[in-house]
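Some notes on the structure that comes next.
Starting from 1, each residue takes its place in the sequence as its number. Hydrogens, waters and symmetry mates are skipped; everything else that's a heavy atom, side chains included, is used.
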Amino acid sequence: MIMQEPPFRDPAVPLADRIDDLMRRLTLEEKVGLLHQYQAPVERLGLGAFRTGTEALHGLAWLGPATVFPQAVGLASTWDLDLVRRVGEATSDEVLAFHHKDPAGAGLNVWAPVVNPLRDPRWGRNEEGYSEDPWLTGVMGAAYARGLRGSAPGTLKTAPTLKHFLAYNNESDRCTTSSNLPPRVLHEYELPAFRPAIEQGAAVAVMPSYNLVNGRPAHLSPLIRQVLRAWAPDDLLVVSDAYAPGNLTALQGYHGTPPEAYAHAVKAGLDSFTQDDDRSEATLAHLRAALSQGLLAERDVDAAVRHTLSIRFRLGEFDPATPYDDITDNVVNCPEHQRLAREAARRSFVLLHNDGLLPLTGVTKVAVIGQLGDALMEDWYSGTLPYAVTARAGLAERCQSVFCEAVDRVTLTAEAGPVVADPAGGPLRVAAAEPGEFDLFDWGGGAYALRAVASGRFVSVDGTTLVNDQPGPNGWEVRQTFRMEERPRGTLALRHISTGCYVGAAEDGVLRLVDDADQAVWLAMDVVRSGTEQAARLAETADVAIVVVGDHPLVNGRETEDRMTLALAPAQDAVVQAVRKANPRTVMVITSGYPLTWTDADVPAVLWSAHGGQEYGHALAEILFGDADPEGRLTQTWYRSEQELPDLLDYDIIASDATYLYFRGVPLHPFGHGLSYTTFEYADLRVELADDVVTARATVTNTGARPGVEVVQFYTHQQRSRVKQPLRRLRGFEKVRLEPGESRAVTLRLPVTELAFWDVTRNRPVVESATHQLMVGRSATDLRLSARFEVEGETIPPQKGPLRAAAHDEYDAITFVDETKQDGDAVRSDAEGAWILFRQVNLTGGRTCVATAGSTEGGMITIRRGDPLYGQVLAAFPVPRTQRYGYHAITAALADVDGVHDLYVVFENDGMTLTRLDFGAGA
């Protein structure tokens, strides 16, 4: 007798019906088992185990050697959506290859791309994102996700997951800080970065972020259901970040018990709990308790399980075969992927400055200098390099080259004797012997690493003992970096950055960590060979000096650590200056995951790239020698100093004039900047508005003597508005390759609806009637042509109320908070005299006002007309003491003032929460 397969295993059955069939066959206990990252198998139905979470940010990560492409911010600097898609496609090939070899070790739900807009370059994870512009971030993320998900109709190759929802740009106290998001910043800056990939079906999952948003944990955000799932054409899987569910009761203290917290998370839209690694018992116990206590209903579990199963079905798990079954190990680091890695690295280079030195000609000998000159760095989310073509190696293939790292070689001496290193990599000790020599690496921000000459390995900490057995800074907890603190008589103390402990000397002379600064051993550091002097001498011997400087991705900010400065490491900065003075033909090559600043303004040529993956050196040589035109353009503003940035935790880019959208200063290098080896002219800009589409056309001509690549950028600016508008906003771009003398027409088609901004008065997008300026050029500040066009839209009418407190126009000393644990935003005063402003409120006929407010200490709220200090008092509300989330509707008489006025709501005390104001005609 032939057993008929159940409908859920029949690809001919509609997907929704297949899911329904399988759901009916699962018991409640079996469904609960599918809510953890490590989903339990259901053997009686033939369901295998399933795991979410394979890292694939710029190539497959953490599972062994695989093709390593440039970091995400580097991929974005190509401004090439097809290239980014192809990198995603190659990455998904390698994910499939690892999965076919080890299904349990390499799951098909990939946790990439990262689409958090790069609001602040000090963010420790800056290299993981694409751009400070939300639209560019969105289209880049969608391109990479399309590559990851594959092109076969109906079947996912992998299941891409967007990270991290929402408003996540700080590592400092990331699990307890709350991101202040006014409605306009939410709808105009943060949400647009997530929308394209979800709406196009390119990404099929989302991961919430560790932080809180307006006082509510992001994992409990009502926007998951209200916005994300409304965008998605199919079921959207929501997976938690690692250990974030536990934060709801621990670090965040948002709920008192895990069952309450986990029930809230499921109801808010979380489908998969990434908690306790592969130990699912505690999580499942909390979910069972939530069910038994009536905090969760089976229908809530069903909704979450359905999202999970939808992904598994679309991955082809229950089909007889998939279009991707024939992908094997042969694709991993295959020649085609190597070529793609080289192409991506080459196209990502940005020429920041050039006085004519580049491209190099007539060069027979090159001096390659710098800490990064013969090293390629892996970041936390990169794969294991299958091979490494460094700058030194790539240039050595082109011409004679000489090299030095340009780091100081030093000795360290304590009062009892010199510090010596074990040639076998064992403990460091103070001993009566010849002084040990160490190479001192300055990574900036006060972080140093020491490499023992005796072993060729870096000093690290094993337990509490200093050893020299590591290839360099590495691991989740980097244990190879130290700070130097001054001590009397020119000595210093070493402080271990990871632990905060000091280096002391035990009775046997072994260097060990100590808690007390008074127990730190005082060390005299003597330079036996100056890296700066060595670099200058070497530079003098060469036709050109290439100084490769930059950051270490595991040291200069990373997950859990932000940066305090954008400055290049002082020792590296000094090397650049010394080399340029020794050899005027000097090129500074910056390799970093974020914008940097440096001292020497006279360096003839400056190139930047993110850490470029395994083919970096070949790509660099091709750019330096002019085999290819530099194609890269910056996707972030390069500021002159971190002093030009607002507070790292200030997410309100509009109020703080942040990012290229609102920044009013003169940057070191603007958003969109990047030079070519040729020149371009722009002409004949024409702008038309018809059928609710703005069409702009311009002609670009290569006016130089060699082929070149131009990224033509279109921006708009609304010149009249009820609200503060961006100085310019990227609306589109076109990348053109032109021969000398060749011209090409480029076109932008922009639906008028894209000119909308968020109207806080009516809680929806609006296109105003206004004059707009359309600009086209080479960067956000190098705009060659402009033209005006008129848009007939709406005129935002005066407000009549109710006025939602969070939907104000301006504010001072205000924090956004959660109105209730489930939904809504409110505002809380942070100081006496804090205020919010509502513009153009129509008070005609109003005789009373009702404030819905609360305060743990009580206080007074006052409404003033026109000015928060001196304006006429229109109403006053004594606010009684309440519990958190306890509000009173307080009625006050409204002064007899008709007409339209700007109203300031002034909080006379701190710690007061307001949710809304209602106006009435009175008795």
Side-chain angles (χ1 to χ4, degrees), residues 58 69-80 118 121-122 126-127 129-132 344-355 357-359 368-373 375-377 379 390-391 394-395 444 545-553 556-557 563 566-569 572-573 575-576 580 586-601 603-613 615-617 619-624 628-640 660 667-677 709 711 778-780 782:
H58 53 110
F69 299 96
Q71 291 173 313
V73 70
L75 291 175
S77 72
T78 67
W79 291 61
D80 190 324
L118 302 181
R122 292 170 297 184
N126 191 83
E127 75 275 1
Y130 294 116
S131 172
E132 70 184 38
R346 181 178 66 248
R347 292 190 175 184
S348 71
F349 272 98
V350 181
L351 182 59
L352 298 177
H353 173 71
N354 186 23
D355 70 355
L357 176 59
L358 296 180
V368 182
I369 296 166
Q371 292 180 191
L372 287 90
L376 292 188
M377 304 297 183
D379 61 55
T390 65
L395 289 167
I546 310 296
V547 188
V548 188
V549 298
D551 77 311
H552 193 302
N556 301 103
R563 284 172 284 277
L566 301 179
L568 180 64
Q572 296 188 52
D573 199 45
V575 167
V576 173
R580 199 265 306 163
T586 292
V587 180
M588 179 167 67
V589 177
I590 303 172
T591 307
S592 68
Y594 59 95
L596 283 170
T597 64
W598 58 93
T599 302
D600 195 339
V603 181
V606 183
L607 270 172
W608 171 81
S609 82
H611 292 275
E615 284 286 337
Y616 169 86
L620 174 62
E622 290 173 341
I623 295 297
L624 289 174
D629 198 42
E631 295 185 25
R633 302 294 185 266
L634 298 179
T635 62
Q636 282 184 277
T637 302
W638 283 45
Y639 298 93
R640 295 180 181 274
Y660 87 96
L668 179 64
H669 294 297
F671 173 87
H673 174 70
L675 303 177
S676 167
Y677 289 152
V709 178
V711 178
R778 310 198 71 242
S779 76
D782 186 0

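Ring-plane geometry between Tyr660 and Phe671 is classed as parallel, the angle between the planes falling under 30 degrees on a 0 to 90 degree scale with a further cut at 60.
Within the 4.5 Å cutoff, no side-chain heavy atoms of Leu596 are placed close to those of Asp551. Counting heavy atoms from C-beta outward, Leu372 and His552 have side chains that stay 4.5 Å or more apart. Thr597 has its side chain out of reach of Arg640: every pair of non-hydrogen atoms, C-beta onward, lies at least 4.5 Å apart. Within the 4.5 Å cutoff, the side chain of Val549 has no heavy atoms near those of the Val575 side chain. Residues Ser609 and Leu620 fail the side-chain proximity criterion, which asks for heavy atoms closer than 4.5 Å. For the pair Arg346 and Glu615, the minimum side-chain heavy-atom distance is 4.5 Å or more. Taking the side chain as every heavy atom from C-beta outward, Val548 and Tyr616 approach each other to under 4.5 Å. Residues Tyr594 and Val73 fail the side-chain proximity criterion, which asks for heavy atoms closer than 4.5 Å.
With Asp629 contributing its side chain and Tyr677 its backbone, the two residues share a donor-acceptor pair below 3.5 Å. With hydrogens and angles ignored, the 3.5 Å screen pairs a side-chain donor or acceptor of Gln572 with a backbone N or O of Gly550. Looking at Ser348, its side chain never comes within 3.5 Å of a backbone N or O of Ser77 through a donor-acceptor pair. In this structure, the side chain of Asp379 does not engage the main chain of Pro553 through any donor-acceptor pair within 3.5 Å. For the pair Asn354 (side chain) and Leu357 (backbone), a donor-acceptor distance under 3.5 Å is present. In this structure a side-chain-to-backbone donor-acceptor pair under 3.5 Å is present from Gln71 to His611. Between the Glu132 side chain and the Thr637 main chain, a donor and an acceptor come within less than 3.5 Å of each other. Listed for the Arg563 side chain is a donor-acceptor partner under 3.5 Å among the backbone atoms of Asn556. A donor-acceptor pair is defined here as one N or O able to donate and one able to accept, closer than 3.5 Å; no such pair exists between the side chain of Arg347 and the backbone of Ala345. Formation of a donor-acceptor pair under 3.5 Å by the His58 side chain with backbone atoms of Phe69 is found in this model.
Across Leu352, Val350, Ile623, Val709, a single residue satisfies side-chain contact (heavy atoms from CB on, under 4.5 Å) together with Pro630, and that is Ile623.
For the pair Ser779 and Pro670, the tightest heavy-atom approach, listed with the atom from each and the gap, is OG-CG, 3.5 Å. When all heavy atoms of Leu675 and Arg633 are compared, the pair lying nearest together is O-NH1, 3.9 Å. Nearest heavy atoms, Thr635 versus Ser131: O-OG, 2.9 Å.
Separating the CD1 atom in Ile546 from the CG atom in Leu624 is a distance of 5.0 Å, to the nearest 0.5 Å. The distance from atom CD of Gln636 to atom NE2 of His673, rounded to the nearest 0.5 Å, is 14.5 Å. Considering NE2 of His669 and CG of Leu634, their distance stands at 7.5 Å, rounded to 0.5 Å.
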| request: Step by step, work out the side-chain contact (heavy atoms from CB on, under 4.5 Å) result for Trp598 and Ile590. | output: CA-CA 10 Å; Trp598 58 93; Ile590 303 172; 3.6 Å; yes
